[in-house]
Structure formats: C-alpha cells, structure tokens
Amino acid sequence: MTRDNLLFGIIGLLLGFILGFMFYSTMAQRTAPASAAMPGGANMPVDHPPVGADAGGGNPQQVFAQVQSALKEAADNPKNFEAQVTAAKLEYQIQKFDRAIEFLLKANQLQPDNFDVMAMLGVANMDAGHNEAAEKWYRAALLKKPDDIVVLDGFCAVLLTKGDATAAEKAIDKLAKLDPTNQDLPQFREKLNTLKSGSK
C-alpha cells in the first residue's frame with residue numbers, strides 16, 4: 001500500500017469516527033440521560049483516547065494507533081469489561097456492527113445485568129439488520145428500565161421494521177405517554193398506519 005493510500009485510509013477512518021459521534025450526539029441531546037448511546041458516551045474510561053469531535057484536531061496516524069491499541073487491549077484482556085465496551089463503541093463508530101456485537105456479547109457475559117450493554121446490543125443488532133436479536137435485547141433492557149425513552153424509541157423502530165403492528169402499537173402508545181413531543185412519533189405512527197392498512 002502506498003503512503004498516499006494509507007493516509008486516505010486513515011482519513012476515512014477518522015471521518016467515520018466524526019460521523020458516528022455526530023449521529024449519537026444528536027440522539028443523546030434528544031433524550032437525557034442518553035445512557036444507551038454508544039460512541040463517545042459517559043461509559044468511556046477516563047484514560048480512553050479521544051474519539052469523534054475530540055479526535056478531530058489530532059494527528060490521524062496517532063488516532064489510528066490509539067484505536068488499534070484499544071482494540072488490542074480488548075482482544076488481549078477478554079475479562080476486562082471496560083475494554084470490551086470501549087472496543088465495541090469504536091467498532092460501532094466505523095459501522096462494523098457485527099464486530100461491535102461480538103465485543104458487547106463478551107461484555108454481557110462479564111456483567112449480565114448491565115443495562116447499558118443490553119441497550120447497546122439492541123442498537124447494534126438493529127443497525128446490523130438482526131431484528132430478532134435487536135428485539136430480544138431491547139426487551140431485556142426494558143425489563144430493567146421500562147421507562148427508558150432511548151431504548152423504548154429503538155424498540156418501536158425495530159418492531160415496525162419487523163412488521164409487528166400489534167406490539168409496535170403498544171410500544172408507540174407507551175412512548176407517546178412518556179415523551180409526547182418525541183420527534184420520532186409522527187413517522188412511527190405513519191409506518192404503523194401503513195402496516196395496519198396492509199394487514200386488512
């Protein structure tokens with residue numbers, strides 16, 4: 001690989017971090033606390049290298065090295081919960097959803113009752129197109145925190161994607177009661193109406 005190609009690859013990776021951070025920053029601002037937000041979230045270790053917008057001012061080669069180091073830390077220390085979660089967030093940011101899920105499943109094995117990991121597994125599975133798994137993890141998270149807006153929002157989305165109009169309607173009604181101004185409600189209701197009219 002030439003030096004130019006390597007540089008373009010690193011810049012592309014950095015751009016992926018920034019876009020992922022921006023997407024989840026938007027999601028986090030909508031609902032607080034955004035405990036389920038993956039990249040750039042409060043669950044990052046104190047000594048974690050900067051990602052997203054914080055990484056923008058650094059040397060791309062240095063950022064790439066820090067990312068590689070974080071992923072190696074998770075691989076070398078499978079019993080380190082924080083390392084698994086950090087690696088999952090980094091993989092998610094560059095849209096390697098299945099790799100993110102692998103790290104999250106390891107984290108879940110280490111802390112089976114951790115709500116944030118369950119919620120992140122819902123998000124990552126939904127974005128990877130694994131709707132059955134996403135529904136399972138969202139349900140598990142909602143058993144622990146039934147009124148979590150971020151998780152409930154994602155749960156509505158995955159039920160609609162699956163075409164489960166009955167379950168989706170219940171979830172949307174609950175979301176509307178908890179967060180009447182939720183910006184996703186109009187599109188959820190529109191998709192629900194489409195599903196219901198198609199089933200008649």
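Position 1 is the first residue of the sequence; numbering continues from there.
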Open item on the list: Ring-plane angle category for Y138 and F155, please: parallel below 30°, perpendicular beyond 60°, tilted otherwise.
Closed with: perpendicular
- [ ] Establish, yes or no, whether the cationic atom of K145 lies under 6.0 Å from the six-membered ring centre of F115 and within 45° of the ring axis.
- [x] yes
- [ ] For W137 and G122, work out which heavy atoms get closest and say how close.
- [x] CB-N, 3.6 Å
Open item on the list: Take a 6.0 Å sphere around CD of Q111 and say whether it holds more than 12 heavy atoms from other residues, nucleotides or ligands.
Closed with: yes
Task: Atom pair CE (M126) and OG1 (T161), whose distance is rounded to the nearest 0.5 Å - done: 7.0 Å
- [ ] Enter the distance from E91:CD to L71:CG here, rounded to the nearest 0.5 Å.
- [x] 5.0 Å
TODO: Compare all side-chain heavy atoms of N114 with those of N108 and state whether any distance is below 4.5 angstrom.
DONE: no
Task: Any donor-acceptor N/O pair, K162 side chain to A168 backbone, under 3.5 Å - done: no
TODO: Decide yes or no on salt bridge (charged side-chain N to carboxylate O under 4.0 Å, His left out) for E102 and K106, but give the supporting numbers first.
DONE: CA-CA 6 Å; E102 287 177 28; K106 289 178 186 175; 5.6 Å; no
Task: Heavy-atom closest contact (A165 atom, L195 atom, distance) - done: CB-CB, 4.2 Å
TODO: Measure across A70 and L90 and return the closest heavy-atom pair with its distance rounded to 0.1 Å.
DONE: CB-CD1, 3.5 Å
Open item on the list: Test your reading of the model: is there a side-chain donor-acceptor pair from D179 to the backbone of L175, 3.5 Å cut-off?
Closed with: no
- [ ] Measure from the side-chain N and O atoms of N77 to the backbone N and O of N80, and report whether any donor-acceptor pair falls under 3.5 Å.
- [x] no
- [ ] Nearest 0.5 Å please: distance from the CG atom of L178 over to the CG atom of D148.
- [x] 10.0 Å
Task: Interatomic distance, D147 atom CG to L152 atom CG [nearest 0.5 angstrom] - done: 8.5 Å
Open item on the list: Any carboxylate oxygen within less than 4.0 angstrom of a Lys/Arg side-chain nitrogen, looking at E132 and K136?
Closed with: no
Open item on the list: Less than 3.5 Å apart, any donor N or O on the side chain of Q187 or D184 sitting next to an acceptor on the other?
Closed with: yes
Open item on the list: Check this for me: K96, atom NZ, are more than 12 non-hydrogen atoms of other residues, nucleotides or ligands nearer than 6.0 Å?
Closed with: no
